[in-house]
Amino acid sequence: MVLDSSALIVCSIVSAIFILSLLKLQRSSNASSLPYPPGPKPLPLLGNVLHLNKSEPWLSYTEWSKKYGEILYVRLLGKDFIILNSEKVARALMGQRSTIYSDRPYMPNTKLCGMEFNTVSLPYGDEWQLHRKLLHHSMRAESTALHYRTYIRKTRHLLVNLLDTPEDFERHFKIYVGSIILSQTYGHETSPVDDPLYGAVEQLTAMLSKALTPVRAVILSTFPIIAHLPPWFPGAGIKRDGVACQKLASEVLNVPFDLVKKNMVEGCAPPSIVSECLSQIDEKAGEQERERLEHAIKSTAATLFLAGSETNSAILHAFVLAMVLYPEVQAKAQAEIDSVIGPSRLPDFKDQLLLPYINAILRELFRWNPVVPLGMPHATSSSDIYDGYFIPKGAYVIPNVWAMSRNTDKYEDVEDFKPERHLTLNDTPALPPPTNDIIFGFGRRICPGRYASEAFLFAAIASILTLFCITRAKDSDGREIPVERKFTSGISVHPVPFPCAFVCRSKDREQFLRTRTIS
Ligand code: HEM
């Protein structure tokens with residue numbers, strides 16, 4: 001009986017909201033009478049939802065760009081979406097007009113999941129600016145260079161793990177990236193294997209990739225009642241996931257931060273981003289100001305792990321796939337390494353400039369299968385006019401990085417993995433530097449983790465190719481197991497698991513690793 005009456009109330013409210021949203025369906029006000037950018041004709045109420053490839057929307061946008069051009073207007077469940085299909089337009093709007101294009105769309109699922117603290121979702125304003133100031137200080141190129149020794153040390157652990165249990169390579173990549181970020185952010189040095197903090201972060205990241213999608217944001221904006229349903233209510237999956245995330249989010253936000261504070265009081269805190277930022281708070285700061293700064297430090301720190309772990313381990317996973325599928329690229333890379341490193345040591349950052357082909361492999365990994373194919377959505381904080389088109393205030397602005405990486409005017413044979421395309425004729429790197437790559441986003445919201453990623457991805461790729469040949473795995477009859485280029489879908493994408501073998505190339509290098517570099 002209780003269930004029946006609550007179901008009735010919910011149904012009535014949902015219907016009322018549905019009708020209200022129907023009435024609100026006309027496009028956002030456009031006093032300029034200029035046209036919106038072109039795009040497929042939206043259906044009443046649903047907009048273009050039915051036209052869209054739901055699991056890989058970047059494919060639909062790329063297909064539509066062939067008909068409608070570099071900038072598209074799409075309507076999804078009453079929301080305005082502006083899709084930017086070329087790097088030129090993305091840089092012109094998100095870069096050159098960044099005062100208008102640096103907001104984030106309001107996504108009610110962020111709050112539902114207890115994630116309002118995180119830098120990525122903050123609206124363009126004072127709090128976000130404070131986060132960026134802290135991030136700039138700790139993640140800029142010069143600060144990243146101070147962590148090179150840590151990156152090399154962690155890379156050597158990665159190599160040992162790959163020698164010992166090569167079949168777990170995906171797990172080893174996650175641990176490699178996770179342990180670097182935890183060490184840099186909190187000075188947390190325990191092995192992430194079975195570490196409760198690492199476990200909580202990993203679980204939260206996995207849950208958020210399902211719970212924080214723009215599609216869920218649109219559903220929740222259209223039917224806000226879902227956030228007020230009891231978690232047990234049939235069909236309240238979004239609410240249930242939100243409640244589960246909240247608990248973990250609070251743990252990830254508070255536990256490691258409180259530990260650093262405690263260690264600082266006891267005088268035993270290892271150097272870290274958090275301890276450095278905390279020690280720089282002015283002693284004369286009032287209680288309220290101190291609280292505000294501490295909250296910002298705690299929030300940016302928790303964001304670093306959540307924002308940086310999936311993307312980087314997915315790139316290393318894609319690297320292994322590319323090496324299996326393109327043995328000739330691997331052979332060329334190893335010839336370069338052998339000529340620079342010699343027979344019995346492992347690479348270091350001092351070798352980086354001498355290894356242009358390895359750097360080009362990293363660049364091609366960014367392009368070949370962009371790990372965040374639609375970047376992160378920006379939002380307009382006021383309306384704008386571009387190229388004669390009206391861009392409404394509050395629109396989602398989506399950089400279609402996938403389409404940019406498939407630009408046939410810039411790249412030949414776009415589906416092939418060809419590092420050479422990023423080198424000039426004399427094998428010097430083609431400009432601009434990888435940290436300016438479109439996969440790191442645009443304008444004021446550009447990824448602050450780009451210098452760290454570029455450095456520790458280079459260290460991992462160069463070291464793996466120095467010690468191992470990555471080949472197809474064999475079945476029990478000795479036949480090679482075929483491998484396909486297949487990726488998952490989601491906000492960030494990674495290869496669908498595949499088997500492969502890591503064959504040690506040099507006993508001398510293995511000995512160097514086991515005896516001289518791991519302590
Ligand atoms: C190859 C690896 C990475 C990729 C592809 C990547 C990609 C991105 C993208 C596309 C954005 C959104 C940019 C925009 O809005 O235009 C972003 C934002 C962000 N990334 Fe990364 N990222 C990577 C690694 C990292 C790492 C290692 C960290 C930190 C340790 C990090 C921290 C952040 C943060 C804090 C933001 C939010 C910036 C803001 O909203 O102002 N990322 N990243």
Side-chain angles (χ1 to χ4, degrees), residues 56 155-177 310-339 341 343 346-347 355 357-371 373 405 413-422 457-490 492-510 513:
E56 295 171 305
T155 304
R156 304 284 154 89
H157 282 288
L158 169 67
L159 294 182
V160 172
N161 288 340
L162 289 172
L163 277 168
D164 292 347
T165 47
E167 64 285 1
D168 291 334
F169 68 94
E170 264 184 79
R171 177 95 193 120
H172 298 326
F173 291 153
K174 287 188 175 162
I175 287 174
Y176 171 66
V177 176
E310 275 290 303
T311 38
N312 285 286
S313 47
I315 287 178
L316 289 174
H317 196 179
F319 156 69
V320 174
L321 178 63
M323 293 305 101
V324 171
L325 294 178
Y326 295 88
E328 68 286 0
V329 169
Q330 185 173 183
K332 198 167 167 185
Q334 285 163 340
E336 180 182 78
I337 287 173
D338 293 349
S339 72
I341 312 287
L346 292 165
L355 296 170
Y357 196 72
I358 304 298
N359 290 307
I361 286 183
L362 180 55
R363 204 60 198 268
E364 183 65 346
L365 285 168
F366 291 169
R367 186 207 68 83
W368 184 54
N369 216 94
V371 61
S405 73
D413 309 323
V414 287
E415 296 309 328
D416 290 350
F417 190 85
K418 281 190 178 174
E420 291 77 7
R421 64 172 100 244
H422 304 286
L457 288 174
F458 162 79
I461 288 171
S463 304
I464 292 171
L465 288 173
T466 305
L467 191 62
F468 296 104
C469 222
I470 307 171
T471 61
R472 284 183 162 81
K474 293 193 172 144
D475 65 16
S476 50
D477 297 325
R479 279 187 304 249
E480 283 187 345
I481 303 173
V483 173
E484 274 182 81
R485 175 185 164 178
K486 259 194 175 165
F487 281 76
T488 59
S489 63
S492 71
V493 300
H494 57 82
V496 170
F498 58 91
C500 69
F502 286 77
V503 182
C504 181
R505 296 178 64 214
S506 153
K507 284 288 158 203
D508 286 350
R509 288 172 180 159
E510 179 180 347
L513 171 71

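Side-chain N or O atoms of H317 include none that pairs as donor or acceptor with a backbone N or O of E170 at under 3.5 Å. Under a 3.5 Å cut-off, the side chain of N359 and the backbone N or O of L355 do form a donor-acceptor pair. Although no hydrogens or angles enter the test, the distance criterion places no donor-acceptor pair under 3.5 Å between the side chain of T165 and the main chain of D168. For the pair R505 (side chain) and L465 (backbone), a donor-acceptor distance under 3.5 Å is present. Here the side chain of T488 pairs a donor or acceptor atom with the backbone of H494 at under 3.5 angstrom. For the pair E336 (side chain) and I358 (backbone), a donor-acceptor distance under 3.5 Å is present. Judged purely by atom type and a 3.5 angstrom limit, R485 has no side-chain atom pairing as donor or acceptor with the backbone of L325. Between the side chain of R472 and the backbone N or O of R479 there is no donor-acceptor pair closer than 3.5 Å. Distance alone, capped at 3.5 Å, places no donor-acceptor pair between the E480 side chain and the K474 backbone. Of the possible polar contacts, one joining the Q334 side chain to the F468 backbone as a donor-acceptor pair under 3.5 Å is found.
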| Under the side-chain contact (heavy atoms from CB on, under 4.5 Å) criterion, do L321 and F487 qualify, and how do the steps go? | CA-CA 10 Å; L321 178 63; F487 281 76; 3.8 Å; yes
| query | What do the steps show when you test F319 against L457 for side-chain contact (heavy atoms from CB on, under 4.5 Å), and what is the final call? | reply | CA-CA 10 Å; F319 156 69; L457 288 174; over 6 Å; no
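Atom-to-atom distance recorded for I175:CD1 and L158:CG is 9.5 Å, nearest 0.5 angstrom. For the atom pair I461 CD1 and T466 OG1, the distance stands at 11.5 Å (nearest 0.5 Å). Between atom OG of residue S313 and atom CZ of residue R171 there is a gap of 10.5 Å, rounded to the nearest 0.5 Å. Here the CG atom belonging to L316 is positioned 10.0 Å from the OG1 atom belonging to T311, to the nearest 0.5 angstrom. Here H172 contributes atom NE2 and L163 contributes atom CG; the two are 9.5 Å apart, rounded to the nearest 0.5 Å. For the atom pair CZ (R363) and CZ (F458), the distance works out to 15.0 Å, reported to the nearest 0.5 Å.
Side-chain contact between C500 and T471 is absent, with no heavy atoms from C-beta onward closer than 4.5 Å. A heavy-atom distance below 4.5 Å is not found between the side chains of V371 and F366. No side-chain heavy atom of F502 sits under 4.5 Å from any side-chain heavy atom of E167. Under the 4.5 Å side-chain criterion, counting only non-hydrogen atoms from C-beta, Y326 is in contact with W368. Using a 4.5 Å heavy-atom threshold, the side chains of I470 and V503 count as separate. Looking at P373 and V493, their side chains come closer than 4.5 Å, going by heavy atoms from C-beta outward. A 4.5 Å side-chain heavy-atom check between L159 and L346 finds at least one atom pair inside the cut-off. At least one side-chain heavy atom of Y357 sits under 4.5 Å from a side-chain heavy atom of P419.
When all heavy atoms of A314 and P495 are compared, the closest pair comes out as O-CD, 4.0 Å. E364 approaches D416 most closely through the heavy-atom pair OE2-O, 3.2 Å. When all heavy atoms of V483 and P499 are compared, the closest pair comes out as CG2-O, 3.9 Å. What you find for S506 and P343 is that their closest heavy atoms are OG-O, 3.7 Å.
In summary, D338 and R509 engage in a salt bridge, as defined by a charged side-chain N under 4.0 Å from a carboxylate O. Electrostatic pairing of D413 and R421 does not count as a salt bridge here, judged by no charged N lying under 4.0 Å from a carboxylate O.
Open room surrounds CD on E484; 12 or fewer heavy atoms of other groups in view lie less than 6.0 Å from it.
Ring to ring, F498 and F169 are close: their centroids are under 6.0 angstrom apart.
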